Protein chains: 2
Amino acid sequence: MPNAPRPPRRVTIPDVARHAGVGQATAARVLGGYGSSSAATRERVLAAAAELGYSTNAVARSMISGRTHTLGVVVADVENAYFARAVRGVTDVAARAGLQVVLANSDENGPTERAAVQMFIERRVDGLVVAPAAADHEHLDKAVASGVPVVLLDRVVSGAGLDTVVVDNRGAAQAAVARFTDAGHTRIAVVTSASPDENTARLAPGADIWTTTERLTGYRQALRAAGIPRGAELIRHTGYDRALARSAVLELMCAEHRPTALFTTDNVATLGTLDALLDLGARIPDDVSVIGFDDAEWATLVRPRLSVVSQPVQELGRLAADILIRRIEGSTARPRRHTLRTAYVPRESTGPAPARVRRLRAPGE
Amino acid sequence: MPNAPRPPRRVTIPDVARHAGVGQATAARVLGGYGSSSAATRERVLAAAAELGYSTNAVARSMISGRTHTLGVVVADVENAYFARAVRGVTDVAARAGLQVVLANSDENGPTERAAVQMFIERRVDGLVVAPAAADHEHLDKAVASGVPVVLLDRVVSGAGLDTVVVDNRGAAQAAVARFTDAGHTRIAVVTSASPDENTARLAPGADIWTTTERLTGYRQALRAAGIPRGAELIRHTGYDRALARSAVLELMCAEHRPTALFTTDNVATLGTLDALLDLGARIPDDVSVIGFDDAEWATLVRPRLSVVSQPVQELGRLAADILIRRIEGSTARPRRHTLRTAYVPRESTGPAPARVRRLRAPGE
DNA sequence: GAGCCCGTTGGTAACGTTATCAAAATTCAC
DNA sequence: GTGAATTTTGATAACGTTACCAACGGGCTC
């Protein structure tokens, strides 16, 4: 950082005290709103403060109180609607409790996350909400050891022993895919940003690694439960890339034995899938049924409107903040996982398996 | 705020100094990375610090340096994709400069914004990025007077004398609507969240008041420039409400002399407009041409893809942060308005005015 | 009227760092 | 080997608040 000039000296409590003709401890009590003081002096001090334009120095206050009234939040990317909603939930609860929120984006990058957490510890935030990018938790342990409580959001880190606020991704996905099997579908594909290699999944950069992998597992379980053999799974790993998802679906839907139902594990996959279906001129749900994971404003824009699994994202953030605040206030309850309910939102993109599968042709671009 | 226990005492510089067998000033120099020290002592101190698990107390550091390495950001709502992108831009630049970002949502509420700014002043943030909710700037003046530079984002506050980063909303809107007039359209409607009452516009709660009003003005100017009389303006004020926009467009498009082109001043209006058009079975652009303001991921999801005016939102945030950082570093350049370029993104929702206007019928819901 | 209690007051010591400056140790030149 | 220049070192004073405690005074009881 280049040279930054020291900020101008500001009015302090001694200044106000002098101006009001009282001792500084007295002025401090009035301005800090603690201890006792007579109405007369209170008035004098307040008047002097107003006259001089005094404003509390929260840094000095934090210095001695040990509290910064600040929460650190680490998410992958605020620009992602999911995290934006979660952050909003956190800030709402925090603001009500008189806490401010410092934001850091990890971009699903472990080292970036670690650096952010380290910085938060140094800044002495009162607590930390983290949507972890990787499975290691040394940095989080360090935070807790330094007296900074941590609550995990959206993703579980096994063995971390931390409060965690999540959604039942696997169960929700299974239930969604079960709608397909119940409706007679047998060729059901999934389009996902989850990594094909489950071992590296937790380490790889990219979005929503953990949650999408869980949703993929839910898909598998649903097929299994419906007696569909493992060989009949139709999985397309497209990364966190809309165009890739589109071309994968294009290819998938033009194949000999194309699926009659599509499940997407995340919004980017959904967007790419709809791109493909729209370009193919596929009739939804007559040709294909579609269910997406996570609701979005555009889910009701496409016709037919898209059926989705919706998650209470803001609520996730709010709950995380709630739990965190309780910890800051000294709760020593055993950390546990809080699983919030998802909801299947039936709209018009799902129907029974077609009796006859119409052949689709790639658009002549 | 309920009783919060004091955090545990942590390892400090004197602790490290004692453990390393050096004076605390020496330890401080090594750990703080300033002054000079021999390789031997440096090593000893660092070893002692690692052993004890020392971590810098940034609060104490701020106390004396007067810098918090923190930027305050006030936007209407991070959950809004526009602000999420802008915030991302700010945080990116800030992070690179070693600054953290504290986030506050004003919900377009003046008092909330003022409270947030006041809190930021007390916390001694190094600078402030504000997307102002109202036209008054007393609180912003106070910030500047206290030595906290302020940069305005997205909206102009006349008379504030502050650096401001915006887009030419009026010009961009005018240029967009001019596309319609150039293509022979004469019945051109606008759907907007702008308040119908321009006087109260800057005071009323609701989103994007100022910018949408500017865009509305641009619409008017374009019509004027094309020689379309004032009486032929078709303006629908629908507030920041998708359903209201939808019904307004439904009514508009089923009227006797319906428009052949629609301009929307913001994403919510666009969403509602498309809802209506889709439900009406309107053929775009054969029946109606549409241009939306501000690009979104779903603009390329609808078929035909939506032509839009796109704004460099992230760049807006980045530039605001850049300017702010320069101010923090002591720039005394005269505050000015920075207007970023918008781009008209032609897609498939615009075409020539139809020779014969097909009658549209309300869907039998 | 003496003794006591309690609300009020102000001096001073924290909090944990960086800044200042003089003393001590080292290096360098001749 | 000496003196001067330079580096390294540590004691101590900030920064602006809250915490602590002793002192003060007025009103009350007996």
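Letters A, B, ... mirror the listed sequences (proteins, then strands); counts begin at 1. It should be emphasised that the depicted structure is a prediction, and the values quoted were computed from it without experimental measurement.
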>> On DNA chain D, does the nearest nucleotide to B:Arg29 precede the nearest nucleotide to A:Tyr34 from the 5' side, or the other way round? Give the residue.
In response: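 With B:Arg29 and A:Tyr34 compared, the 5'-side residue is B:Arg29.
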
> Hey, which of these two, B:Thr41 or A:Ala28, hits DNA chain D nearer its 5' end, going by closest nucleotide?
Replying inline: B:Thr41

Distance, rounded to the nearest Å, where [X] contributes [atom1] and [N] contributes [atom2]:
X	N	atom1	atom2	answer
B:Ile13	C:dG16	CD1	P	11 Å
A:Arg10	D:dG16	CZ	C1'	12 Å
A:Gln24	D:dG16	CD	P	11 Å
A:Asn57	C:dC15	CG	P	19 Å
A:Arg44	C:dT8	CZ	C1'	13 Å
B:Arg123	D:dT17	CZ	P	15 Å
B:Met63	D:dA13	CE	P	17 Å
A:Glu43	C:dT8	CD	C1'	17 Å

Assign [X] to base, sugar-phosphate, or nothing according to its heavy-atom contacts below 4.0 angstrom with the strands shown.
X	value
A:Ser38	sugar-phosphate
B:Val59	nothing
B:Ser62	nothing
A:Thr26	base
B:Ser36	base

> Under a 4.0 Å N-O cut-off, is there an ion pair linking A:Arg337 with A:Asp163?
Replying inline: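 Judged by the 4.0 Å cut-off on N to carboxylate O distance, A:Arg337 and A:Asp163 do not form a salt bridge.
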
>> Testing the 3.5 Å rule here: is there a donor-acceptor pair between the side chains of B:Ser62 and B:Ser65?
In response: no

> In terms of side-chain heavy atoms, does B:Ser37 have a donor or acceptor partner in B:Arg29 at a distance below 3.5 Å?
Replying inline: no

> Below 3.5 Å, does any donor atom in the side chain of B:Arg124 face an acceptor in the base of D:dG16, or the other way round?
Replying inline: no

Just compare [options] and give me whichever is closest to any side-chain atom of [X].
X	options	value
B:Ile64	D:dG10, D:dT17, C:dG16	C:dG16
A:Arg61	C:dT17, D:dG16, D:dT18	D:dT18
B:Ser37	D:dA11, D:dT9, C:dT17	D:dT9
A:Ala25	C:dG16, D:dT12, C:dG10	C:dG10

> side chain to side chain donor-acceptor pair (under 3.5 Å) between B:His139 and B:Gln118: does it pass, once the steps are laid out?
Replying inline: CA-CA 7 Å; B:His139 55 308; B:Gln118 175 59 32; over 6 Å; no

> Just by modelled atom types, is the B:Gln24 backbone N or O under 3.5 Å from a matching donor or acceptor in the B:Thr26 side chain?
Replying inline: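 No: the side chain of B:Thr26 does not pair with the backbone of B:Gln24.
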
